[in-house]
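For ligands, and for the atoms within them, numbers begin at 1 and follow the listed sequence. The structure displayed is predicted, hence computed values, not measured ones.
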Amino acid sequence: MRVVILGSGRGSNAEAILEAQRAGRLGRAQVGQILSDRADAGILALGPRFGVPAAFLDPAPFKTKLEGEGEARYIAAIRALAPDLIVLAGFMRVLKPGFLQAFAGKVINLHPSLLPSFPGLDAIGQAFRRGVKITGCTVHEVTPEVDGGPILDQMAVRIESDDTLETLTAKVHAAEHALLPAVIARLSGG
Ligand code: GAR
């Protein structure tokens with residue numbers, strides 16, 4: 001199962017996927033490419049470390065969504081790779097129907113809350129400020145409704161009375177690093 005990872009940030013989840021692959025815990029999945037919409041994203045440094053091609057791909061002209069010329073560039077580049085699965089690991093752009101129709105049923109996203117609670121940006125902060133006692137992370141299929149696609153799996157994290165936003169963030173990230181590779185392995189049939 002050929003996997004393409006899209007990310008915008010430091011890439012700790014992409015790293016967890018690649019570590020799982022290295023350890024033989026990613027089933028039949030094999031990461032073939034990392035793409036980032038930010039030239040300075042930490043995720044791109046994973047390429048040389050793990051021997052996987054990693055590249056910035058210009059998402060212009062929009063700032064928070066992938067549409068128009070940028071979308072066309074992503075569709076063409078990813079089509080050429082013929083992936084079976086596209087994993088959004090901290091890809092901070094809304095995907096539009098053009099992209100989702102080009103890769104129907106193949107795009108999954110990681111979100112740092114127990115959806116449908118706290119969709120959108122700063123989900124960990126939203127949960128912390130709301131005072132919920134349990135939050136977590138979700139892997140779901142991507143549909144045009146932001147953070148609204150069918151849920152594939154979730155992992156819960158308890159918020160203790162002495163948790164700060166920083167300790168909670170660390171706990172949610174640790175849960176993500178366990179959940180996302182496990183879902184990919186499962187989808188690969190491994
Ligand atoms: C992760 O916490 C992921 O859930 C979140 O971005 C972070 C990326 O971290 N994604 C979203 O909020 C998507 N709406 P990483 O770059 O270290 O993997």
Side-chain angles (χ1 to χ4, degrees), residues 3-22 26 29 31 33-50 52 54-57 59 62-67 74 85-96 99-100 107-130 132 134-157 159 163-184:
V3 178
V4 171
I5 299 176
L6 305 188
S8 310
R10 63 196 179 117
S12 70
N13 284 285
E15 183 176 7
I17 294 167
L18 290 162
E19 292 281 10
Q21 179 174 310
R22 192 173 261 178
L26 207 59
V31 179
Q33 177 78 52
I34 298 168
L35 290 175
S36 179
D37 61 334
R38 295 186 54 130
D40 59 351
I43 194 171
L44 291 174
L46 296 170
R49 259 183 67 198
F50 287 91
V52 173
F56 163 70
L57 190 56
F62 299 102
K63 277 204 160 33
T64 59
K65 61 181 177 179
L66 195 62
E67 206 170 15
Y74 273 74
L85 187 69
I86 299 164
V87 178
L88 308 184
F91 191 65
M92 302 308 280
R93 275 174 191 271
V94 174
L95 297 178
K96 294 294 179 180
F99 185 98
L100 295 174
V107 189
I108 66 172
N109 180 48
L110 172 67
H111 184 80
S113 75
L114 293 178
L115 291 171
S117 291
F118 310 119
L121 292 175
D122 188 25
I124 302 174
Q126 290 185 56
F128 185 74
R129 288 188 294 275
R130 183 64 184 80
V132 296
I134 296 174
T135 185
C137 54
T138 301
V139 179
H140 65 93
E141 285 176 37
V142 179
T143 63
E145 186 194 345
V146 175
D147 298 330
I151 291 170
L152 294 168
D153 208 350
Q154 297 183 303
M155 192 174 282
V157 167
I159 304 180
D163 266 321
T164 62
L165 181 57
E166 288 67 38
T167 60
L168 177 61
T169 299
K171 287 202 274 191
V172 172
H173 284 158
E176 291 184 322
H177 298 163
L179 182 69
L180 184 56
V183 170
I184 295 169

*Considering heavy atoms of the protein only, find what lies nearest to atom 8 (C) of ligand 1 and give residue, atom and distance to 0.1 Å.*
G90 CA, 3.6 Å
*asked:* With a sphere of 6.0 Å drawn around CZ of R22, does it hold more than 12 non-hydrogen atoms of other residues, nucleotides or ligands?
replied: yes
_Short N or O distance, G11 and ligand 1, threshold 3.5 Å exclusive_ = yes
*Identify, for atom 9 (O) of ligand 1, the protein heavy atom at the shortest distance, and state residue, atom and that distance.*
N13 ND2, 3.8 Å
*asked:* Working to the nearest 0.5 angstrom, can you tell me the gap between E19 CD and Q21 CD?
replied: 10.5 Å
*With a 4.0 Å cut-off, would you call R10 and E15 a salt bridge?*
no
*May I ask whether E15 places a heavy atom under 4.0 Å from ligand 1?*
no
_Nearest neighbour in protein (non-hydrogen) for atom 12 (O) of ligand 1_ = P112 CD, 3.5 Å
*Proximity winner for atom 13 (C) of ligand 1, if only heavy atoms of R10, M92, H173 are counted*: M92
*If you count the atoms of ligand 1 from 1 in the order shown, which ones are under 4.0 Å from a heavy atom of S12?*
15 (P), 16 (O), 17 (O), 18 (O)
Under 3.5 Å, side-chain donor or acceptor atoms of residues 140-153 against the rest of the protein: list the pairs with distances, not counting sequence neighbours.
from: H140; atom 1: NE2; to: N109; atom 2: ND2; distance (Å): 3.1
from: D147; atom 1: OD2; to: G120; atom 2: N; distance (Å): 2.8
from: D153; atom 1: OD2; to: R186; atom 2: NH1; distance (Å): 3.2

*Of all the non-hydrogen atoms in the protein, which one sits nearest to atom 4 (O) of ligand 1, and at what distance?*
E176 OE2, 2.4 Å
*Identify whether the distance between the nearest side-chain nitrogen and carboxylate oxygen of R129 and D122 falls below 4.0 Å.*
yes
*In the protein, what heavy atom is nearest to atom 14 (N) of ligand 1, and what distance, to one decimal place, separates them?*
H111 ND1, 3.6 Å
*Is the shortest distance from a heavy atom of L110 to ligand 1 less than 4.0 Å?*
yes
_Test of understanding: with ring-ring contact (aromatic ring centres under 6.0 Å, His included), list the residues that count as partners of F99, not counting sequence neighbours._
F103
*asked:* Are H173 and I124 packed together at the side-chain level, in the sense that at least one heavy-atom pair is separated by less than 4.5 angstrom?
replied: yes
